[in-house]
2 protein chains.
Amino acid sequence: MQELLSPKQVATSIGVSESSLKRWCDQGVIATERTPGGHRRIQVGAVIRFLREQRRSLVRPEVLGLPVGAGQVIRSQDKANEALFDALKAGNHEQARRLFIDLYVAGMSVVQLGDQVVAPALHRLGDSWQCGQIEVYQEHRACEILSRALYELRLMLPPPSPSAPIAIGGTPPGDDYRLPTLMVELVLADEGWNAVSLGSNLPFGTMAAAAVQHRPDLFWLSSTHVADATALRAGMASFLASTPVSMKVVVGGQKSNQVFSGLDQGGRLLHGADLAELQRIASGLRPTAAVSSQPAPD
Amino acid sequence: MQELLSPKQVATSIGVSESSLKRWCDQGVIATERTPGGHRRIQVGAVIRFLREQRRSLVRPEVLGLPVGAGQVIRSQDKANEALFDALKAGNHEQARRLFIDLYVAGMSVVQLGDQVVAPALHRLGDSWQCGQIEVYQEHRACEILSRALYELRLMLPPPSPSAPIAIGGTPPGDDYRLPTLMVELVLADEGWNAVSLGSNLPFGTMAAAAVQHRPDLFWLSSTHVADATALRAGMASFLASTPVSMKVVVGGQKSNQVFSGLDQGGRLLHGADLAELQRIASGLRPTAAVSSQPAPD
DNA sequence: CGTAAAAACGTTCAATTCGTTCATTTCGTT
DNA sequence: AACGAAATGAACGAATTGAACGTTTTTACG
């Protein structure tokens, strides 16, 4: 195990600034090696020794979690996706969490995280399950892990302003996929909306009730698995008829375009194949200026 | 999100002077780490533990990243339950989250939180739904809110030690209630187990595969809704037959005692009606001393 | 192999925290 | 009410930390 870590990694893993860490390295508190060019390289063992001697705890153990990038920050998208899939398959909460947080901290947007990380992972899990390569429990556990990571990400997003437009949504009847609708909530929250996901497998009647009671500016429907296209189409028609015409409805999912085609009345029913499209639609709908990921001045 | 806090931050968050806080740190009332330069650094969890032990309240919770207004001392359990139910009905995430943190900071154990707060709330929601007093979407949304609150609580619990015994579990086929199995995971994690919930609606075959692949010391089955008692009983019988006899199996839920009666072979199949019983069972199974919610001296 | 972006380098400097002392407040007891 | 003991909070110079900066090294990729 010859894992060499950069000062930045060690600093974040033990929760101090990079400046302090470099100073401690220079003072000899942490054993440090140097590259020929003069960059510091720190062994995992040296970090452990430091923590034991100083009686400090690891703030983010997952950063030192070994195998993934061999001590290097993952740059390539493919490698990150590969690592995430492995972690999900093995049920490694910490590892998956680390990948998520690292990607987000590294500057990846919520939309990118959803379209380029979560969605591919879900597809691969589904494929592997159908091919019999993984057990059902592994797929369930992976969804559980992803849920928790996304919830944690949700806590990092800024709270909505009191004047933020309201968005409500969920998945239609017969669709038990909770993660896509959660991703939609995250994207809208990141766009400054007051977004609430009602969960999965919702009868159209209760969605209409929610729309009438809360009067959202936007209602989304995340349709991943279509059990009965005819019933879905009929439900949507009645849903549109029983809700205020001022409320826009966005449906998401690959097949939703065909299923719901022709139901639109005057640009009320919109379609987004992925989260990037959803984001464009949502920012177009917002009356106030959309400010993404900006901390509100308090 | 900040992991390590300075004395000043903690002092303002709980509303005392910096001097007093530093004194408490030095006296060991609050678990404190030191930088090599001698500066004190305090974990959020240490602050929560301090508040629980000393029965103090948070003056400015936002400094710790907790919702504004959280950390108040709870006067009456009934009032708290009432307020939680109202918040869940209205879909008020923040309010529900705040109440949870309040109750936990006030010293309530995870078991009590589950048996006396979450379970009653779920029952009332179910009753209200059956009486037609609330919409389906309100019930779904409430479960969503509770899930997130419990996930957040999960993050506050101490991570399992490497030598912690392993526990795996979930809900049997036909049972979609995810919250009870999540509560079980929390209780076991709080008891020092390495607990992983696989989610809901799991075929017995895949649960057996998980048990064989991961060799847990304990497998739990959280049975809330029984669709087909005969199938459930048969499934459990084959599950017991196809898993190592050294692995204990704990079933939870009011009716599970009748459904599974007579299947036991030599005290392998245990039953817990509520989380308090589960906790007793789990602590009895642990070979090492179970230390609940105590800060680990490292 | 060469190029461009990303990360780490060393340095400076403002802000924070250190340990300590001391006045003030709070508490229990007489 | 008065008293002493204990706890609290403010203040000080010295020391540490963390953020910023322009420059250099490393890494990814065509």
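First the proteins, then the strands, lettered A, B, ... as listed; each starts at 1. Just so it is clear, the model here is predicted, and its values are computed rather than measured.
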(message) Here's a test of your reading of the structure: between B:Pro7 and A:Asp26, which maps to the more 5' nucleotide of DNA chain C?
(response)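 Its nucleotide being nearer the 5' end, the pick is A:Asp26.
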(request) Evaluate whether atom OH of A:Tyr177 has more than 12 neighbouring non-hydrogen atoms of other residues, nucleotides or ligands under 6.0 angstrom away. (result)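 No.
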Check the distance between [N]'s [atom2] and [X]'s [atom1] and give it to me in whole angstrom.
X       : N      : atom1 : atom2 : result
A:Leu21 : D:dA19 : CG    : C1'   : 15 Å
B:Lys22 : C:dC18 : NZ    : P     : 5 Å
A:Leu4  : C:dA8  : CG    : C1'   : 15 Å
A:Arg34 : C:dG10 : CZ    : C1'   : 9 Å
B:Glu33 : C:dT17 : CD    : P     : 16 Å
A:Ile42 : C:dC9  : CD1   : C1'   : 13 Å
B:Glu18 : C:dT16 : CD    : C1'   : 8 Å

List, with names and distances, any nitrogen or oxygen atoms from the protein found under 3.5 Å away from nitrogen or oxygen atoms belonging to nucleotides 14-17 of chain D.
from: D:dT17; atom 1: OP1; to: B:Thr35; atom 2: OG1; distance (Å): 2.7
from: D:dT17; atom 1: OP1; to: B:Gly37; atom 2: N; distance (Å): 2.8
from: D:dT17; atom 1: OP2; to: A:Trp24; atom 2: NE1; distance (Å): 3.3

Out of curiosity, [X] [atom1] to [Y] [atom2], how far, rounded to the nearest 0.5 Å?
X        : Y        : atom1 : atom2 : answer
B:Leu21  : B:Ile14  : CG    : CD1   : 5.5 Å
B:Leu146 : B:Leu182 : CG    : CG    : 9.5 Å
B:Asp102 : B:Gln95  : CG    : CD    : 9.0 Å

(request) Please determine which of A:Leu150, A:Leu278, A:Leu122 meets the side chain to side chain contact (heavy atoms under 4.5 Å, CB included) test together with A:Met183. (result)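 Filter result, single survivor: A:Leu150.
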(message) Can you tell me how the ring of A:Tyr137 sits relative to the ring of B:His214, calling it parallel under 30°, perpendicular over 60° and tilted otherwise?
(response)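 Geometry flag for B:His214 against A:Tyr137: perpendicular rings.
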(request) Would you kindly say whether A:Thr181 and A:Thr171 are connected by a side-chain donor-acceptor distance under 3.5 Å? (result)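 Side-chain D/A pair, A:Thr181 to A:Thr171: absent.
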(request) Give B:Lys8 one of three labels, base, sugar-phosphate or nothing, depending on what nucleic acid heavy atoms sit under 4.0 Å from its own. (result)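 B:Lys8: backbone/sugar contact only, no base atoms under 4.0 Å.
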Under 3.5 Å, which protein N or O atoms sit close to an N or O of nucleotides 25-28 of chain C? Give each pair with its distance.
none

(message) Can you give me the closest heavy-atom contact between A:Ser283 and A:Glu191, atom names plus distance?
(response)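 Result for this residue pair: CB-OE1, 3.5 Å.
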(request) Tell me, please, whether B:Tyr104 has B:Arg52 positioned over its six-membered ring: NZ or CZ under 6.0 Å from the ring centre and within 45 degrees of its axis? (result)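 Yes - B:Arg52 lies over the ring of B:Tyr104, closer than 6.0 Å to its centre and within 45° of its axis.
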(message) Less than 4.0 angstrom between a side-chain N/O of B:Arg40 and OP1 or OP2 of C:dC18, yes or no?
(response)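 Yes, within the criterion.
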(request) Can you check whether any acceptor in the base of D:dA19 is under 3.5 Å from a donor in the side chain of A:Ser19, or vice versa? (result)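 When only heavy-atom distances are counted, A:Ser19 does reach the base of D:dA19 through a donor-acceptor pair under 3.5 Å.
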